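In what follows, chains are A, B, ... by sequence order, proteins preceding strands, each numbered from 1. Fair warning: this is a prediction, and the values are worked out from it, not measured in the lab.
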Amino acid sequence: MDGGSVSETITVRHGDDTADVAPGTSAIDALKALDAVRGQIVAATVDGEEWDLERPVVEGAEVAPVYADTEQGRAILRHSVAHLMAQAVTDLFPGAKWAIGPPIADGFYYDFDVERPFTADDLEAIEARMVELQRERQRFVRQEVSRDEALELFADQPYKREIIERVEDSEVEASGDGARFTVYRNVTDDGEAWVDLCKGPHIPSSDRVPAFKLLRTAGAYWRGREDQPMLQRIYGTAWESRKRLKEHLEFLEEARKRDHRRLGRELELTHTPDELGPGLSIFLPNGAVVRKEMEDWIRDETLARGYQPVYTPHIAKEELWRISGHLENYAELMYPGMELDDGAAYRLKPMNCPFHILAFGARTRSYRELPMRIAELGTVYRYERSGVVNGMLRARGFTQDDSHIFCRPDQVVDEVAGCVEFARDVYRAFGLGEPSRVAVSTRPEKSFGTDAQWAEAEDAVIAAVERTGLAYETDPGEGAFYGPKVDVHARDAIGREWQLSTVQVDFNLPERFEMSYVGADGAKHRPVMVHRALFGSIERFFSVMVESFNGAFPTWLAPEQARVVPVAADFDDYARHVAAALRSRGVRVDVDASDDTLGAKIRSAQTSKVPYTLVVGASEQQARTVAVRPYRGEQRKDVPLDDVVGEIDAEITTARAGA
RNA sequence: GCCGAGGUAGCUCAGCUGGCAGAGCAGCCGCCUUGUAAGCGGCAGGUCACGGGUUCGAAUCCCGUCCUCGGCUCCA
């Protein structure tokens, strides 16, 4: 069926090499003929399409190996392990219904509909059964079937049937007798053990799985929709070697240690007592120092870039939220109203925009004032669903470095570009490096505004992102109903992505608030509005930094920038002299005058992740020097005090000045 | 909101099938003090998340509530 050539041989290629092989030759044999196998391979590509190793190649095909130690290879490996897991679950839980089991970043999952949720013991049993299946050397055998055959094969698998029924004819390769689906049969020496609907490809046999581990269970809605049944999901991971699996598990353990909630407690940055309520946190003095540096930086930089600061209240009459449309579209995320004696109801603000619009509307605005950039560190409160709150990364009360720019339509490009460049600068200044993802979201199905407005705004957003040189991707149809946007994401310790910066064009609110400015022609015009937050949420950005730096902030942000450690009480006075010299330059410094041993003091400074530990004893006092022990890096002895002070001061000043 | 796992001293965690609530670290008080990750001793610290129930007896078993964590969904 693959080729149908009648000639004696077919030709396959791998780069510049070619080989003539018999028709029906498998991909693996073709690769061997081409001398193109160098390591552990799990599959092939044939003309770019992923291909099972045992599947026959076609005339003239470009054939290439897929190695196990590549992301593509691991995905195939993981997908096959997911099948193995589903088979084990079926063996141990007869009657289990299977949904889907794809590879994901660092692993795989499979969703099942079972009588009762899986327990930790179940996981162990499933894993043990998988090891048995692995040893059975089951071959994964690909087979093409028609839609009807597929439906019959999975007669007692409602989710598989739903998947089959949802596939359009055009999506599967059509042949004479109708649409083609593929299934994979797991075959042992004793016969068939299992069969699953799957596009493939798969590894040739179950013993080719070098290392895997089941990690956890979770509930997951079928097709991700709340109105669908809740299935039981099992997450696992699989790697090309035991060593890589071990490394991955160690990484997960390390990641657990750099969780911002754990570090926040250990380093006394933040406090989240139950008494406060879900999603609410306190910045302790250490954390507040970091936050103040963030706020000072963004305030200064915002002023320098032509923004005007404002201050607005935390609550407003419900009427305001009716005008803005929040009560209509956002009510379930707002705290309930406060009924007051005067009959008016008030609401805690979930966003700052209405206030900034009112600031704009304080008097008649001229086109000469545009663009008008209004900025505020605005604290907002959102009643997030209980299951989604996550430390300070997803909170119910948080502060945005929020700004709204009101401008003429022809100014949108420059304004959006300015915001995206600003966002890039924020990332650089705070040491997060390149964002994990920059996404431009375009017009959704249901949207407000004219075609011309959208086209112009989308072009503006894309042009703006390209001007910054950041790599970005486009999410078609993912924009807000009121305008296109660009979001910048970063990862937390375990690789989850969080949106930090956001820049959004809005045609809707200016209409709802009937905003206007007087143009050069003396007539009223509607301004365009750009929403923009660069940290996004200060709490979230802060937390991503904590995890990114593993609590060891760069010197300019560190709560305690230097600690002076006298080797014995006799040198406490000189230590205080050293501290005073630093403090006079604005350095945050403490002296460890405890009666601990030197080793204990050093350890204490290290576990507190203080950037500079300055050790002083007799020789230092004599020579007016210090021994410098940076948190990271080599220690240096006998450094003149003035040099150290100048060095630390310069480092902080340079970093604070930004990228 | 939904599925699952949890909540014992400030922190990390023991405490089995019900029988007097523990350790290490941190804290406090002493003693000891010169060179780069833990000196020694003592003291104090708990409504075992909260409320009900079963029991002669509950940290332990059952029910409910609150909170936390991992997911799903949703979002900065």
Side-chain angles (χ1 to χ4, degrees), chain A residues 109 111 114 116-120 122-123 215-235 256-257 259 261-262 265-266 268 271-279 330 332-333 350-352 378 380 382-402 480 487-490 494 496-502 504 531-541 543-544 565-571 594-608 613-621 627-629 635 637:
Chain A
Y109 68 79
D111 288 345
V114 281
R116 59 164 178 83
F118 297 112
T119 64
D122 293 339
L123 276 198
L215 297 175
R216 70 178 75 88
T217 60
Y221 297 109
W222 167 234
R223 291 174 50 213
R225 286 171 41 170
E226 285 183 272
D227 58 353
Q228 298 288 323
M230 170 86 42
L231 306 174
Q232 295 303 317
R233 175 172 296 180
I234 302 176
Y235 283 96
R256 208 171 62 81
K257 288 183 189 156
D259 186 298
R261 291 164 295 208
R262 181 189 175 115
R265 218 176 11 246
E266 287 175 357
E268 295 183 33
H271 187 42
T272 54
D274 289 350
E275 294 92 318
L276 227 43
Y330 208 76
E332 72 282 3
L333 277 165
M351 292 187 188
N352 301 301
V380 296
R382 301 183 185 174
Y383 189 74
E384 297 284 353
R385 298 168 84 180
S386 62
V388 306
V389 172
N390 181 293
M392 306 222 300
L393 287 168
R394 185 77 179 269
R396 282 184 172 167
F398 59 95
T399 302
Q400 298 177 306
D401 60 316
D402 207 359
D487 296 323
V488 184
H489 302 254
I494 58 173
R496 290 180 298 203
E497 266 193 352
W498 296 92
Q499 181 184 320
L500 299 177
S501 315
T502 182
Q504 311 179 350
H531 305 247
R532 158 250 93 143
L534 304 178
F535 289 135
S537 139
I538 291 182
E539 287 80 354
R540 179 178 285 181
F541 197 98
S543 303
V544 168
V565 173
V567 299
D570 287 349
F571 310 104
S594 70
D595 56 4
D596 282 337
T597 57
L598 177 64
K601 289 179 185 178
I602 295 290
R603 180 171 191 277
S604 162
Q606 288 292 116
T607 55
S608 302
T613 302
L614 307 177
V615 181
V616 295
S619 62
E620 286 83 3
Q621 179 171 28
V628 182
R629 183 188 169 120
Q635 65 166 291
K637 292 189 169 165

Most 5' of T613(A) and A600(A) on RNA chain B, judged by nearest nucleotide:
T613(A)
Counting only side-chain nitrogens and oxygens, does R216(A) get under 4.0 Å of the OP1 or OP2 atom of rC69(B)?
no
I'd like the C1' distance from rA59(B) over to rG19(B), given in whole Å.
13 Å
Would you state whether a donor and an acceptor, one from the side chain of E268(A) and one from the base of rG10(B), lie under 3.5 Å apart?
no
Same-atom distance (P) from rU36(B) to rG45(B), integer angstrom
39 Å
Counting side-chain heavy atoms from C-beta on, which of rA76(B), rG35(B), rC72(B) comes nearest to Y235(A)?
rC72(B)
Between CZ of R262(A) and P of rU12(B) the distance, given in whole Å, is 8 Å
Each nucleotide N or O in nucleotides 1-5 of chain B that has a protein N or O under 3.5 Å away: list the pair and distance.
| residue | atom | partner | partner atom | Å |
| --- | --- | --- | --- | --- |
| rG1(B) | OP2 | S386(A) | N | 3.4 |
| rG1(B) | OP2 | S386(A) | OG | 2.7 |
| rG1(B) | N7 | G387(A) | N | 3.3 |
| rG1(B) | N2 | Y221(A) | OH | 2.6 |
| rG1(B) | N3 | R385(A) | NH2 | 3.3 |
| rC2(B) | O4' | Y221(A) | OH | 3.4 |
| rC3(B) | O2' | Q232(A) | OE1 | 3.3 |
| rC3(B) | O2' | Q232(A) | NE2 | 3.0 |
| rC3(B) | O2 | G219(A) | N | 3.2 |

Using the C1' atom as the reference point in each nucleotide, state the distance between rG22(B) and rA44(B) in Å, no decimals.
15 Å
Which atom pairs link the protein and nucleotides 40-46 of chain B when you take only N or O atoms and keep those under 3.5 Å?
none

Say you pick atom P in rG70(B) and the same atom in rG30(B); how far apart are they, in whole Å?
44 Å
Is there any protein nitrogen or oxygen under 3.5 Å from a nitrogen or oxygen in nucleotides 31-34 of chain B, and what are the pairs?
| residue | atom | partner | partner atom | Å |
| --- | --- | --- | --- | --- |
| rC32(B) | N4 | D595(A) | OD2 | 3.1 |

With rounding to the closest Å, how many angstrom separate the C1' atoms on rC72(B) and rA9(B)?
36 Å
Which of these nucleotides, rU68(B), rA76(B), rC69(B), is closest to any side-chain atom of R540(A)?
rA76(B)
The side chain of E620(A) lies closest to which of these nucleotides: rG35(B), rC75(B), rG71(B)?
rG35(B)
Pick base, sugar-phosphate or nothing for S501(A), based on heavy-atom distances below 4.0 Å to the nucleic acid.
nothing
Considering only the P atoms, how many Å lie between rU12(B) and rU8(B), rounded to the nearest integer?
8 Å
For rA76(B), take OP1 and OP2 only and decide whether either is under 4.0 Å from a side-chain N or O of Q499(A).
yes
Check: M392(A) main-chain N/O paired with R261(A) side-chain donor or acceptor under 3.5 Å:
no
Given the P atoms of rC66(B) and rG51(B), what is the spacing between them in whole Å?
15 Å
Nearest whole angstrom, please: distance from the P of rU73(B) to the CG of N390(A).
15 Å
Identify which nucleotide among rG35(B), rC67(B), rC72(B) has an atom closest to any side-chain atom of P278(A), counting heavy atoms from C-beta outward.
rC67(B)
